[in-house]
Amino acid sequence: MNSRRVAFIDIGTNTILCLVAVLHGDGRFDVLDDLAEITRLGQGVHESGRISAEAEARSAQTLRRYVERCVSLGVEEITAVGTSALRDARNSAEVRAEFKRQLGLEVRVLSGEEEAGYAFLAVQRGLSLLQQELLVIDVGGGSTEFIRGNDTGALRAISIDVGAVRLTEQFLHADPVRPEECERMLGAVEKELARLPAEWMPAGSGLTLVGIAGTFTTLSAVEKKLPRYAHSEVHGSLLTLDEVQRQVDLFRSKTIAERRLIPGLEPKRADVILAGAFLIERIMNRFHAEQVVVSDQGVRYGLLHTRLLQRNSC
């Protein structure tokens, strides 16, 4: 079977990601490029229910750059999916129609359960965590997915409507943030986390927690003070509860402008990192977890592995 060049685009609430790879006939793949850009597509969606013209334009500009990069690399097939913002926005269909008109890009909106399934597959294939009971946590801009599973695959998935962008827009308006804002955010987070099955959370449950997406990888990069993001330093690293709590206190004590100067923190993420870190801290406390394994391979890698499975079954 011949090699094929493909791309997988994940259009999130905060970030758009694009993985370009060569799929080989023997089931292997080589990554040609792995792009990420914060466009904040979901900015204001929680309040207005709509994707703004400005957010649409920012995202279209990034998607155009991705498509041009795909063309330059000889990509034959592009798969594009959307998550929380495109699920929630009343004008999602119009925005996707505009992406198709401008770029020829068909964007499929994933359900929370589909998003969770792709995320789990990415972790299952991307980390050596055999014979372990896993809880994969995907903290996005608008939602967070929890996926229980093991070597046999994903067993159960739950999506809740809290994420770094959504929480920031709802609760964190002062700069620096005020204690009462964090208290209100705590109440909202705990209310959503209460929806998770009680049997997932007893002390000594033996679960290995795996965190994916930009907030987890950013906390790892900040801990390591990385001047430039490095996959080899972040993917598979361990993030402790003590370190997460240290960073929550750090971000809470600084203005957004001051956060932008923190080594390892992408400046465009400075305004939402506190809410994301706070959410991770509450999740780890709820699951009595002292550490979490960090993966920088999310939905886009799940799409890739699904495509490989389909290709090899033909």
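- Nearest approach of E223 to L238, heavy atoms of both residues: OE1-O, 3.9 Å.
- Between I273 and L265 there is a side-chain heavy-atom pair separated by less than 4.5 Å.
- Note that CG of L41 and CD of E54 are 12.0 Å apart. Values are rounded to the nearest 0.5 Å.
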Worksheet item: Given I212 and Q297, is the side chain to side chain contact (heavy atoms under 4.5 Å, CB included) satisfied, shown in steps?
Response: CA-CA 7 Å; I212 66 173; Q297 298 182 356; over 6 Å; no

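- Residues meeting the salt bridge (charged side-chain N to carboxylate O under 4.0 Å, His left out) test with E56, sequence neighbours left out: none.
- Here the straight-line distance linking atom CG of L274 with atom OG of S253 works out to 9.5 Å at 0.5 Å rounding.
- Judged purely by distance below 3.5 Å, without hydrogens or angles, the side chains of Q132 and T208 pair a donor atom with an acceptor atom.
- The number of heavy atoms from other shown groups lying within 6.0 Å of CD (Q61) does not exceed 12.
- Take K224 and apply the side chain to side chain contact (heavy atoms under 4.5 Å, CB included) test, not counting sequence neighbours, and it matches S220, L226, E233, S237.
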Worksheet item: Are L167 and F278 close enough, and set up right, to give a side chain to side chain contact (heavy atoms under 4.5 Å, CB included), and what steps lead you there?
Response: CA-CA 10 Å; L167 288 171; F278 183 89; 5.8 Å; no

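- Here the side chain of R148 pairs no donor or acceptor atom with the backbone of A154 at under 3.5 angstrom.
- Note that CG of L172 is 6.0 Å distant from SG of C182, once rounded to the nearest 0.5 Å.
- One finds the CD1 atom of I9 at 9.0 Å from the CG atom of L35 (value rounded to the nearest 0.5 Å).
- The list of side chain to side chain donor-acceptor pair (under 3.5 Å) pairs with a residue in residues 167-185, not counting sequence neighbours, reads H46-Q170.
- By the 4.5 Å heavy-atom criterion applied to side chains, V244 and M284 are counted as neighbours.
- One distance of note links CG of L121 with CG of L309; it measures 6.5 Å at 0.5 Å rounding.
- Partners of R4 under the salt bridge (charged side-chain N to carboxylate O under 4.0 Å, His left out) rule, at least two apart in sequence or in another chain, are E76, E77.
- For the side chain to side chain contact (heavy atoms under 4.5 Å, CB included) test, residues two or more places apart in sequence or in another chain that qualify with L250 are R246, K254, I262.
- Using modelled atom types and a 3.5 Å distance limit, the side chains of S92 and R96 yield a donor-acceptor pair.
- A277 and T215 make their closest contact through N-CG2, 3.8 Å (heavy atoms, listed as atom of the first residue, atom of the second, distance).
- Among all heavy-atom pairs drawn from L127 and S295, the shortest one is CD1-CB, 3.9 Å.
- Side chain of Q124 to backbone of D151: a donor-acceptor contact under 3.5 angstrom is found.
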Practice prompt. Step by step, work out the side chain to side chain contact (heavy atoms under 4.5 Å, CB included) result for L279 and T144.
Written response: CA-CA 9 Å; L279 175 56; T144 296; 3.5 Å; yes

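- For residues 223-254, the ring-ring contact (aromatic ring centres under 6.0 Å, His included) pairs, not counting sequence neighbours, are H231-H235.
- Side-chain contact between D249 and R252 is present, with heavy atoms from C-beta onward closer than 4.5 Å.
- Under the 4.5 Å side-chain heavy-atom criterion for Ile, Leu, Val, Met, Phe, Trp and Tyr, V123 and V139 are members of distinct hydrophobic clusters.
- Counting non-hydrogen atoms of neighbouring residues, nucleotides and ligands closer than 6.0 angstrom, the CD atom of E190 exceeds 12 such neighbours.
- A donor-acceptor contact under 3.5 angstrom links the side chains of E281 and N285, judged on distance only.
- With contacts defined as side-chain heavy-atom distances shorter than 4.5 Å, the pair K100/V107 does not qualify.
- Ring centroid separation for the pair Y118 and H305 does not come in under the 6.0 Å cut-off.
- Considering all non-hydrogen atoms of both residues, A116 and I147 come closest at CB-CG1, 3.3 Å.
- Residues L241 and L193 share a hydrophobic cluster, clusters being chains of Ile/Leu/Val/Met/Phe/Trp/Tyr side chains in contact below 4.5 Å.
- Transitive grouping of hydrophobic side chains (ILVMFWY, heavy atoms separated by less than 4.5 Å) keeps F120 and L196 in distinct clusters.
- In this structure, I280 CD1 and Q245 CD are separated by 12.5 Å, a value rounded to the nearest 0.5 Å.
- Following chains of ILVMFWY side-chain contacts shorter than 4.5 Å, one cannot reach F8 starting from Y66, and the two form parts of different hydrophobic clusters.
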Distance-only donor-acceptor hits, side chain of residues 10-21, under 3.5 Å, sequence neighbours excluded:
{"from": "T13", "atom 1": "OG1", "to": "A85", "atom 2": "N", "distance (Å)": "3.2"}
{"from": "N14", "atom 1": "OD1", "to": "R40", "atom 2": "NE", "distance (Å)": "2.4"}
{"from": "N14", "atom 1": "OD1", "to": "R40", "atom 2": "NH2", "distance (Å)": "3.4"}

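- Side chains of T240 and D242: a donor-acceptor N/O pair is absent below 3.5 angstrom, by distance only.
- The two residues S3 and H24 come nearest to each other via the heavy atoms OG-ND1, 2.9 Å.
- L103 pairs by the side chain to side chain contact (heavy atoms under 4.5 Å, CB included) definition with L63, R64, L105, not counting sequence neighbours.
- Residues satisfying the salt bridge (charged side-chain N to carboxylate O under 4.0 Å, His left out) criterion with D34, sequence neighbours excluded, are R300.
- Applying the side chain to side chain contact (heavy atoms under 4.5 Å, CB included) rule to A60 yields the partners F99, Q102; only residues at least two apart in sequence or on another chain are considered.
- Put simply, the side chain of E47 never gets that close to the backbone of G44: no donor and acceptor are under 3.5 Å apart.
- No option in E192, R166, R87 other than R87 meets the side-chain hydrogen bond (donor to acceptor under 3.5 Å, both in side chains) test with S143.
- The minimum heavy-atom distance between D138 and A213, with the atom names listed, is OD1-CB, 3.4 Å.
- Residues V31 and V22 are members of separate hydrophobic clusters, defined by side-chain heavy-atom contacts under 4.5 angstrom among Ile, Leu, Val, Met, Phe, Trp and Tyr.
- Remark: side-chain polar atoms of R58 are paired, donor with acceptor, to backbone N or O of T39 under 3.5 angstrom.
- In this structure, I38 shares a hydrophobic cluster with no other residue, the cluster being traced through Ile, Leu, Val, Met, Phe, Trp and Tyr side chains under 4.5 angstrom apart.
- Partners of E37 by salt bridge (charged side-chain N to carboxylate O under 4.0 Å, His left out), not counting sequence neighbours, listed by chain and number: R65, K268.
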Item to complete: Verify side chain to side chain contact (heavy atoms under 4.5 Å, CB included) between E113 and E145, making sure each step is shown before the conclusion.
Response: CA-CA 8 Å; E113 291 70 25; E145 280 66 50; over 6 Å; no

